[in-house]
Every structure is written in structure tokens, then in C-alpha cells.
> 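Can you keep this structure in mind? I'll have questions shortly.
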Amino acid sequence: MAKEAGIRPIMITGDHQDTAEAIAKRLGIIDANDTEGHVLTGAELNELSDEDFEKVVGQYSVYARVSPEHKVRIVKAWQKQGKVVAMTGDGVNDAPALKTADIGIGMGITGTEVSKGASDMILADDNFATIIVAVEEGRKVFSNIQKTIQYLLSANTAEVLTIFLSTLFGWDVLQPVHLLWINLVTDTFPAIALGVEPAEPGVMNHKPRGRKASFFSGGVLSSIIYQGVLQAAIVMSVYGLAIAYPVHVGDNHAIHADALTMAFATLGLIQLFHAYNVKSVYQSILTVGPFKSKTFNWSILVSFILLMATIVVEPLEGIFHVTKLDLSQWAIVLAGSFSMILIVEIVKFVQRKLGLDKNAI
């Protein structure tokens, strides 16, 4: 699984070359059928300058009969290649390399106090497989933070654009109380639920992120922009449709009240539907499982009830400046809101066909 995740295991040992090679083949670090013997000994390493070693370091996955100085050279050589290096060790002699590595991992059971002190983290069970589990958990946490950021910023982008465009056109699309309620209800609960989502399928099949990666990398920034614009366009379209084809012909006050309510309902519902989109930047919601997380499902349900209460509960109508909608108006609102999922799914499909999902986590 380490290799599938883009992690290259390197064995560095003081054992004999033949012993190291045999163990490495059993562990899959080097190919069992490999007869070229890609094992470098400490004596051979001494004959190489730092510059020459940096050129060939990628050819070796096993080092035998090495000293503490050799371990430091190996770590530095990989770092010069732009790689993030994690070093495990348990002895006093491992301390310099543990300190040099980007991530020093000490052994909690067999490790000496010196090696533990030089490490950035300590492996409690001394099991390499636990490192892979930790990598998967780290990728999940990072991905969930990205999802939350994508959801909140795309939603807020939609709100800002809606207010800007409505001001530009001289339309009274949303009231301040509408924005406050949407930010309080539809932004809060789904965002919290996205932060505790289970890991996406295939999260360990991607390459590691680069050193310069941020929460906006991997297609998140572009998704925030186009999805925010899309939400605003849909809300404005619903409002414009309500004005152009009113139910209460000739009653300007009723027409405006209906259009205002429809825009408010659309903006709230479109954000709830959009929460399903951001379960993955590139994968379809059918792949990640739209109803997989109970926490997420409850958050959407609670947000939906609170949003609908402002429209259907009569005492709240005056507070939120809304009115009751008929079935045709609700059909427009639901169609506009649900179209967010359909459009984003089409965009994701195109992105996957273009291979943009290959390096995304």
C-alpha cells in the first residue's frame, strides 16, 4: 500500500549486504526477480562524492553496512531531490539522521531515549504498517479541511455575487436577515459535518502532495470560483423568472414578495445540495456515497428543517419577509437548486476525462 500511495520505502541497515537484500525482496522493497543487486554498501558509498551520490540515489532502495554518517548522507541526498523524507530509527546512532529528516519517527517500544528525543513523532507500536495508517488519516484530515473550505468559500462567493449583481441591476433579491440565517444554518452544520467525513475511496492511490501544496491546491480554488459563480447565476435566474412570470399578475408587492422568497429558498437549498458536491473535488457523489455519513445526513436534515421553517411557519413569515409559495413556484426553486448537482457532476465528468483528478487527494 505504501508504494500505491506514492511512498518509496528505503531500507538502511548495518547487516550484511546479502542479508539486507534477501529481507528487502521478501518485504517487496526491491523486486524478488531483480538480479542486478540494487544494494549499496557503506564502503561503496564512501567512494562516492555527495554530488555523484545525489545523481544515483534514486537507483538504490537498500543500504547495507552503513554508519550514522551514511544515514545522514542518504537523507540529505533524497532531500536534494525535492523529496519529503521520513526516517525511522530506534538507536542512539539513528539520532543524527532522525534530526536531519523532514519527519523523524522514533520507536516507542524499543527506541532509546536519545532517538525519541531526536524524533518529531514516536511510533507507539513499532509497526511500519501504523505509519501507512497515519498517512491515510492525515490525507483524510487534509481532504476534509479542503472540503470545508471549498463549501464555505463557494457559498459565500455566491452570496457576495448575488448581492453585487442585484445591486447592479437594481433588484432587491435578498434581505440582510436572509443572509444571516443562511450563514447561521446552511453554512454551519454541513461545514462541521464535512470536517468529519470518512476518507474518500482511493485516497491512498494518489501521489503525495508537493511541498508547496496548500488547502487551495488540487483543483479546490478553481472549484470555489466556478461553483460560487454558478450558485449566484442560478439564484439570480430564479429571481428573474419569478419577476418575468409572476403568479400574482398586477400585484407588484405580491410579485416582489414571491420573487424574494424564491431567491431566499433557492440560495438556502442550493447550498444544501452543493454540500453533496464537495464530498469530493473530482469524484462523482455516487462514487463517494452521498448518504454514507450519518453525521452529514443529520446536518443536512436539520439545516433543511430550519430553512423551511422560516417559509412555512406562519409566525416567522413577517420576521423573514417571506410569503407562502405554490407548487409551481416550489418546482422552480427545487429544479434550480438541484441543477447545481447535475451541472457540477457534468463538470467533474469532463475533468476526470481530462485526467485532472490524477494528482488530487
Side-chain angles (χ1 to χ4, degrees), residues 138-166 173-200 203 209 213-236 263-283 285 288 290-308 310 336-341 343-345 347-348 351 360-361:
R139 290 188 175 187
K140 184 192 79 171
V141 171
F142 187 91
S143 177
N144 286 349
I145 294 174
Q146 284 189 313
K147 294 173 187 177
T148 304
I149 290 175
Q150 181 183 345
Y151 175 72
L152 291 174
L153 291 186
S154 61
N156 287 315
T157 298
E159 294 168 11
V160 170
L161 284 175
T162 300
I163 296 300
F164 173 77
L165 292 174
S166 63
V173 177
L174 294 168
Q175 296 290 323
V177 68
H178 296 160
L179 293 175
L180 289 172
W181 189 249
I182 287 174
N183 284 324
L184 179 64
V185 176
T186 64
D187 280 4
T188 305
F189 297 122
I192 294 174
L194 285 169
V196 294
E197 277 281 284
E200 292 181 32
V203 71
R209 295 181 300 273
S214 70
F215 290 128
F216 296 100
S217 60
V220 173
L221 180 59
S222 59
S223 296
I224 289 171
I225 295 172
Y226 93 81
Q227 290 167 5
V229 172
L230 180 59
Q231 290 179 67
I234 294 173
V235 172
M236 294 296 292
F264 169 52
T266 301
L267 182 60
L269 288 176
I270 205 172
Q271 291 188 12
L272 296 183
F273 281 121
H274 183 49
Y276 289 95
N277 288 326
V278 299
K279 278 175 169 280
S280 176
V281 177
Y282 292 112
Q283 293 188 55
I285 59 173
V288 299
F291 308 112
K292 189 175 181 180
S293 171
K294 290 183 179 180
T295 302
F296 182 81
N297 295 335
W298 277 108
S299 71
I300 296 296
L301 180 60
V302 171
S303 296
F304 176 78
I305 292 173
L306 292 174
L307 177 65
M308 289 298 100
T310 61
S337 303
F338 188 74
S339 68
M340 185 68 190
I341 289 182
I343 296 171
V344 172
E345 282 292 292
V347 173
K348 287 181 179 180
Q351 290 174 329
I361 294 181

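Values reported hereafter were calculated over all heavy atoms of this structure, with side chains retained and with hydrogens, waters and symmetry mates removed.
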> Mind checking what makes side chain to side chain contact (heavy atoms under 4.5 Å, CB included) contact with Ala265, not counting sequence neighbours?
Ile311, Trp330, Val333
> How far does CD1 of Ile234 sit from CD1 of Ile343, to the nearest 0.5 angstrom?
4.5 Å
> Could you tell me which non-hydrogen atom of Asn277 sits nearest to which non-hydrogen atom of Lys348, and how far apart they are?
O-NZ, 2.6 Å
> Measure the OG-CD1 distance between Ser339 and Ile270 for me, rounded to the nearest 0.5 Å.
5.5 Å
> Begin with the C-alpha distance, continue with both residues' side-chain angles, and end with the deciding distance and a verdict on side-chain contact (heavy atoms from CB on, under 4.5 Å) for Val141 and Ile145.
CA-CA 6 Å; Val141 171; Ile145 294 174; 4.1 Å; yes
> Partners of Ser280 by side chain to side chain donor-acceptor pair (under 3.5 Å), sequence neighbours excluded?
Glu200
> So, using side chain to side chain contact (heavy atoms under 4.5 Å, CB included) as the criterion, who are the partners of Val160 when residues are at least two apart?
none
> As an exercise, state the distance from CG of Leu272 to CG of Leu267, rounded to the nearest 0.5 Å.
10.0 Å
> Shortest non-hydrogen contact from Pro198 to Ser293?
CD-CB, 4.1 Å
> What distance do Leu269 atom CG and Ser303 atom OG have between them, rounded to the nearest 0.5 Å?
11.0 Å
> Under the rule for side chain to side chain donor-acceptor pair (under 3.5 Å), what residues qualify as partners of Thr266, not counting sequence neighbours?
none
> Give, for atom OG1 of Thr188 and atom CG of Leu152, the distance between the pair rounded to the nearest 0.5 Å.
8.0 Å
> In terms of the angle between their ring planes, are Phe273 and Phe338 parallel, tilted or perpendicular, with boundaries placed at 30° and 60°?
perpendicular
> Between Thr310, Val302, Leu306, which is the residue that forms a side chain to side chain contact (heavy atoms under 4.5 Å, CB included) with Val185?
Leu306
> Checking Phe264 against Leu307 for the side-chain contact (heavy atoms from CB on, under 4.5 Å) test, could you report, in this order, the C-alpha distance in whole Å, the side-chain angles of both residues, the deciding distance, and whether it holds?
CA-CA 9 Å; Phe264 169 52; Leu307 177 65; 3.8 Å; yes
> Between Tyr276 and Phe296, is the ring centre distance below 6.0 Å?
yes
> Pair Leu174, Ile163 - check side-chain contact (heavy atoms from CB on, under 4.5 Å), show working.
CA-CA 7 Å; Leu174 294 168; Ile163 296 300; 4.2 Å; yes
> Does the pair Asp187 and Asn156 meet the rule for a side-chain contact (heavy atoms from CB on, under 4.5 Å), with working shown?
CA-CA 9 Å; Asp187 280 4; Asn156 287 315; 3.6 Å; yes
> If you compare all heavy atoms of Val278 against all heavy atoms of Lys147, which two are closest, and at what distance to 0.1 Å?
O-CG, 3.1 Å
> Keeping to residues at least two apart or across chains, list the side chain to side chain donor-acceptor pair (under 3.5 Å) pairs with something in residues 221-233.
Gln150-Gln227, Gln227-His274
> Return the CD to CD1 distance between Glu345 and Ile285, rounded to the nearest 0.5 Å.
5.0 Å
> Mind checking ring pair (Phe, Tyr, Trp, His ring centres under 6.0 Å) for Phe189 and listing every partner two or more places apart, or none if nothing turns up?
none
> Heavy-atom distance under 4.5 Å between the side chains of Val281 and Val220, does that happen here?
yes
> Give me the atom names and distance for the closest heavy-atom approach of Leu194 to Ala275.
CD2-O, 4.0 Å
> Of all the heavy-atom pairs spanning Ala193 and Thr295, show the shortest one and how long it is.
CB-O, 4.0 Å
> Could you work out, with ring pair (Phe, Tyr, Trp, His ring centres under 6.0 Å) as the rule, every residue matching Phe215, not counting sequence neighbours?
Phe142
> According to side chain to side chain donor-acceptor pair (under 3.5 Å), who are the partners of Gln271, at least two apart in sequence or on a separate chain?
Glu159, Thr186
> Please, which pairs that meet salt bridge (charged side-chain N to carboxylate O under 4.0 Å, His left out) have at least one residue in residues 290-305, sequence neighbours excluded?
none
> Can you find a pair of side-chain heavy atoms, one from Ile300 and one from Pro190, that are under 4.5 Å apart?
yes
> Which atom pair, heavy atoms only, marks the closest approach of Asn297 to Phe291?
ND2-O, 3.1 Å
> Taking only residues two or more places apart in sequence or in another chain, which ones pass side chain to side chain contact (heavy atoms under 4.5 Å, CB included) with Leu301?
Trp298, Ile305
> Only counting residues at least two apart or in another chain, list the ones meeting side chain to side chain contact (heavy atoms under 4.5 Å, CB included) with Leu153.
Ile149, Phe216, Ile224
> Taking salt bridge (charged side-chain N to carboxylate O under 4.0 Å, His left out) as the test, write out the residues that go with Glu197, two or more places apart.
Lys279
